[in-house]
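Contents: one structure, followed by commentary.
Every heavy atom of this structure was used, including side-chain atoms; hydrogens, water molecules and symmetry mates were not. A quick note: this is a predicted structure, and the numbers were derived from the prediction, not measured. Per chain, numbering begins at 1; letters A, B, ... match sequence-line order.
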Amino acid sequence: MRIATWNVNSLNARLPRVEEWLDYARPDVLCMQETKLADAAFPTMAFSALGYESASHGDGRWNGVAIASRVGLDDVTRGLGGPADDQGARLVAATCGGVRVHSVYVPNGREVASEHYEAKLAWYAELLAYLERTYKPTDNVAVCGDFNVAPEDRDVWDPAAMVGSTHVTAPERASLRALEDWGLVDSFRLVRSEDQLFTWWDYRAGNFHKHMGLRIDLVMLSRPLADHVTYALVDRNARKGKQPSDHAPVLIDIDV
DNA sequence: ATGGTTGCGAAGCAA
């Protein structure tokens, strides 16, 4: 199975790029974030024309997540089922090719110690509780998306410049580690150990070309899936050219 | 350098 995740930063603005990317990367499953579309506006036909079923969870202007699959898409659920769902449409799940797939868009947090930062940590806590009550770590579970946390300093363009900023604080990294302690694996790192492999670059100031970015988009896999990862890639080409998202897609191959 | 850019929607907010 080839599974991918991509924060598209408006599916309406990005649909041509997404169609082009599906055409050549041919993932079995693509998780998208920041679709910024209500479910009624989701371009279902554009995906079906390429052979993909799709599921969307969005309420319009901000946030919004979706899954496209060409290996089946069943038993769609939306949200965490708790108070953190007040923070917007940030999770959609479906069963695709024998894997329980989740597309997640973790809150940004804005400023450390702000109410938004505290809400981000609460969202993580509810995600963990959701996993604990819904699955066993031995199930085929994939949680893919924009986690808005760089797991380690090697995932940051300049760790010294980022000290005290969101995305790298100890509580945020501990939230991610708690998911790992439950049983999810940052699959990219199973096959890519190099420093400075980023998935997001600020639009401003030419940060992409200056290699000033963060690795915050992850494919987290339960152990039964992680044990069969064969390949991983950040497709930087998708961050280039005309009207790119500020995120690049991450692609993982699993021999299942 | 408290800058810079993009998307949405039509001014300012979020990222």
Side-chain angles (χ1 to χ4, degrees), chain A residues 5-21 31-43 46 56-66 84-92 103-124 127 144-151 155-169 171-173 175-176 198-218 234-250:
Chain A
T5 187
W6 193 3
N7 181 324
V8 296
N9 187 19
S10 170
L11 188 54
N12 191 45
R14 216 67 59 208
L15 186 58
R17 298 284 308 237
V18 172
E19 291 174 309
E20 174 191 48
W21 193 78
C31 295
M32 289 164 278
Q33 300 83 39
E34 285 204 82
T35 56
K36 300 185 180 180
L37 288 176
D39 291 344
F42 191 85
S56 162
H57 180 37
D59 47 26
R61 188 170 176 187
W62 286 304
N63 312 309
V65 286
D85 286 335
D86 291 348
Q87 296 185 57
R90 297 178 178 274
L91 184 150
V92 61
S103 179
V104 301
Y105 176 46
V106 177
N108 174 284
R110 302 193 196 178
E111 302 292 333
V112 173
S114 68
E115 61 180 312
H116 300 281
Y117 176 82
E118 298 301 328
K120 177 182 192 175
L121 299 179
W123 201 94
Y124 262 111
L127 175 60
C144 315
D146 179 354
F147 286 77
N148 268 317
V149 175
D155 301 311
V156 179
W157 68 275
D158 184 351
M162 287 286 294
V163 170
S165 301
T166 55
H167 298 62
V168 301
T169 65
E172 290 169 282
R173 285 177 167 169
S175 297
L176 201 53
F198 307 132
T199 65
W200 169 85
W201 303 259
D202 198 304
Y203 278 124
R204 297 168 288 189
N207 279 11
F208 177 71
H209 298 286
K210 292 188 252 182
H211 303 288
M212 295 166 62
L214 300 173
R215 189 175 72 91
I216 55 176
D217 299 273
L218 309 175
V234 178
D235 189 355
R236 296 181 77 260
N237 286 323
R239 181 61 176 77
K240 302 175 183 175
K242 188 180 176 187
Q243 286 193 293
S245 170
D246 47 352
H247 296 249
V250 178

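In this structure, Arg110(A) places its CZ atom 9 Å from C1' of dA15(B), rounding to the nearest Å. Here dG7(B) presents its P atom at 14 Å from CZ of Arg204(A), a figure rounded to the nearest Å. Per the geometry, CG belonging to Asn7(A) stands 17 Å off P belonging to dA14(B), to the nearest Å. Atoms CZ (Arg239(A)) and P (dT5(B)) sit 13 Å apart, rounded to a whole Å. One can place CG of Asn63(A) at 7 Å from P of dA15(B), the figure rounded to the nearest angstrom.
The Tyr203(A) side chain lies nearest to dT6(B) when the options are dT6(B), dG9(B), dA15(B). Checking dT6(B), dA15(B), dG9(B) against every side-chain atom of Arg61(A), the shortest atom distance belongs to dG9(B).
In this structure, Pro43(A) and Leu15(A) approach most closely via the heavy-atom pair CB-CD2, 4.0 Å.
In summary, the side chains of Lys210(A) and Asn207(A) do not present any donor paired with an acceptor at a separation below 3.5 Å, with no hydrogens or angles considered. Counting only N and O atoms by type, the side chains of Trp200(A) and Asn7(A) include no donor and acceptor under 3.5 Å apart.
Of the candidates His247(A), Gln33(A), Lys36(A), Asn9(A) forms a side chain to side chain donor-acceptor pair (under 3.5 Å) with just one, namely Lys36(A).
A distance of about 15 Å separates the C1' atoms of dA14(B) and dG4(B), rounded to the whole Å. Taking atom C1' on both nucleotides, dA11(B) is separated from dT6(B) by 16 Å, rounded to a whole Å. Comparing the P positions of dA1(B) and dA15(B) gives a spacing of 27 Å, expressed to the nearest Å.
When heavy atoms are screened at a 4.0 angstrom cut-off, Tyr105(A) is found touching the sugar-phosphate backbone but no base atom.
Within the 4.0 Å cut-off from OP1 or OP2 of dC8(B), at least one side-chain nitrogen or oxygen of Ser10(A) is found.
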